[in-house]
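Structure record follows, encoded as C-alpha cells.
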Amino acid sequence: MSKEFSRTQRVSQQLQKELALILQREVRDSRIGMVTISDVEVSRDLAYAKVFVTFLCVGEQTPESCLKALKEHEVPVRMALGKRIRHRLTPEVRFTYDNTLVEGMRMSNLVSEVLNDDKRKQEEAGRTDETQSKGEE
C-alpha cells in the first residue's frame, strides 16, 4: 500500500505551520517586518530544513536586510520548534529568500510589455485583428 505523502512531505508541512506560528507570535524584531513562509524543504534524514521566506518590506527595509535579521533568530526558532513538535530530532533551520514571486511578476510584466508593443505595432501598420481575420477567410 503506497502512501499518499512521504514522511518528509508530512514533516515539511508540519514545520511550515509551526514555523509560521513561531515567527508570528514569538519572534519580536522590528527589522524583520512581515514574513511569509512559502515552502519548507526537509532533508531525507530530517536533520535540515530549508525554509523559503518572502517579506513585506516597509520603509527602508529590503529583503536582504530582513533575511539577515531573520538569520540571527535561527537558533531560538529551532529551540521553540523543538518544544512544539514531537520528533526525535529537531531539524536545523536555514532561512532562504524566495524570489519566485518577484521573478514571476517580472516575467508577467515582460509578457505584458511584448503584447502591448505588438498591438501598438499592428495599429501603426494599419492592421487590426478584424482585418487579419477577414483577410484569412
Side-chain angles (χ1 to χ4, degrees):
M1 183 171 146
S2 68
K3 296 179 183 176
E4 229 177 275
F5 297 104
S6 68
R7 178 169 170 78
T8 55
Q9 287 175 325
R10 291 191 310 268
V11 169
S12 157
Q13 288 177 345
Q14 181 184 9
L15 290 178
Q16 185 171 358
K17 289 176 190 174
E18 296 298 332
L19 286 168
L21 288 173
I22 290 169
L23 291 176
Q24 181 183 23
R25 296 181 182 161
E26 296 179 24
V27 175
R28 301 280 182 223
D29 193 339
S30 60
R31 298 175 298 159
I32 294 175
M34 194 168 121
V35 183
T36 303
I37 299 176
S38 55
D39 193 23
V40 176
E41 290 180 359
V42 181
S43 63
R44 289 178 57 99
D45 63 354
L46 306 177
Y48 300 96
K50 191 173 187 180
V51 182
F52 293 93
V53 294
T54 57
F55 301 99
L56 178 61
C57 298
V58 181
E60 296 180 9
Q61 293 176 335
T62 63
E64 293 80 20
S65 67
C66 292
L67 183 62
K68 183 179 178 184
L70 187 59
K71 284 187 176 197
E72 293 175 10
H73 294 279
E74 284 179 347
V75 173
V77 166
R78 183 180 183 194
M79 290 173 63
L81 187 62
K83 293 176 185 174
R84 289 176 168 252
I85 62 172
R86 308 253 282 129
H87 290 282
R88 184 175 54 86
L89 180 68
T90 303
E92 184 178 318
V93 178
R94 295 179 180 165
F95 292 108
T96 305
Y97 179 65
D98 185 11
N99 66 346
T100 55
L101 181 64
V102 174
E103 193 62 23
M105 288 173 53
R106 187 183 74 80
M107 294 295 285
S108 178
N109 288 339
L110 287 173
V111 169
S112 296
E113 284 179 28
V114 168
L115 290 174
N116 290 336
D117 190 42
D118 190 41
K119 187 175 181 180
R120 182 184 51 79
K121 286 180 180 179
Q122 283 182 353
E123 289 173 357
E124 286 175 0
R127 296 172 38 196
T128 62
D129 289 338
E130 293 172 10
T131 8
Q132 286 177 346
S133 60
K134 287 180 184 176
E136 291 175 359
E137 291 176 0

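Residue numbers start at 1 and run along the sequence shown.
Scanning both residues, Leu81 and Glu18, for their nearest heavy atoms gives CD1-CB, 3.7 Å. Across every non-hydrogen atom of Ser38 and Val53, the tightest pair is OG-N, 4.3 Å.
Ser108 contributes no side-chain N or O that, together with a main-chain N or O of Gly104, makes up a donor-acceptor pair within less than 3.5 Å. Looking only at distances, a side-chain donor or acceptor of Arg78 sits under 3.5 Å from a matching main-chain atom of Thr90. Judged purely by atom type and a 3.5 angstrom limit, Arg86 has no side-chain atom pairing as donor or acceptor with the backbone of Lys83.
Comment: Asp117 engages Arg120 in a salt bridge, judged by a side-chain N to carboxylate O separation of less than 4.0 angstrom. Salt-bridge annotation for Glu26 and Arg84: present, with a side-chain N of the basic residue lying under 4.0 Å from a carboxylate O of the acidic one. For Lys71 and Glu74, the salt-bridge test fails: no basic side-chain N is under 4.0 Å from an acidic carboxylate O.
Counting only heavy atoms from C-beta outward, the side chains of Val42 and Ser6 never approach each other to under 4.5 Å. Counting heavy atoms from C-beta on, the side chains of Leu15 and Pro91 come closer than 4.5 Å. In this structure, Phe95 and Val35 have side chains that are not in contact, with every pair of non-hydrogen atoms separated by 4.5 Å or more. Side-chain contact between Val51 and Val93 is present, with at least one heavy-atom pair separated by less than 4.5 Å. Two residues are said to be in side-chain contact when any heavy atoms from C-beta on lie closer than 4.5 Å; Leu115 and Lys119 fail this criterion. Residues Leu23 and Leu70 form a side-chain contact, since some pair of their non-hydrogen atoms from C-beta on lies under 4.5 Å apart.
In terms of the salt bridge (Lys or Arg N to Asp or Glu O under 4.0 Å) criterion, Asp39 has no residue partners (sequence neighbours excluded).
Between atom CG of residue Leu19 and atom CD of residue Gln14 there is a gap of 10.0 Å, rounded to the nearest 0.5 Å. Separating the CG atom in Asn109 from the CG atom in Asn116 is a distance of 10.5 Å, to the nearest 0.5 Å. Taking CZ of Arg7 as the start and CZ of Arg44 as the end, the distance is 13.0 Å to the nearest 0.5 Å. Atoms CG and CD, on Asp118 and Glu123 in that order, are 10.5 Å from each other to the nearest 0.5 Å. The CG atom of Leu46 lies 7.5 Å from the NE2 atom of His87; values are rounded to the nearest 0.5 Å.
Val11 and Phe52 are not part of a single hydrophobic cluster, where members link through side-chain heavy atoms under 4.5 Å apart. Hydrophobic clustering keeps Ile32 apart from Leu56 (ILVMFWY residues linked when any side-chain heavy atoms are closer than 4.5 Å, directly or through intermediates). No continuous path of ILVMFWY side-chain contacts below 4.5 Å connects Ile37 to Leu21, so the two sit in separate hydrophobic clusters. Side-chain heavy atoms closer than 4.5 Å link hydrophobic residues (I, L, V, M, F, W, Y) into clusters, and following such links, even through other members, never connects Val27 to Met79.
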Report task. Let me see the working for Glu103 and Arg106 under salt bridge (charged side-chain N to carboxylate O under 4.0 Å, His left out), right down to the final yes or no. Result -> CA-CA 5 Å; Glu103 193 62 23; Arg106 187 183 74 80; 2.6 Å; yes
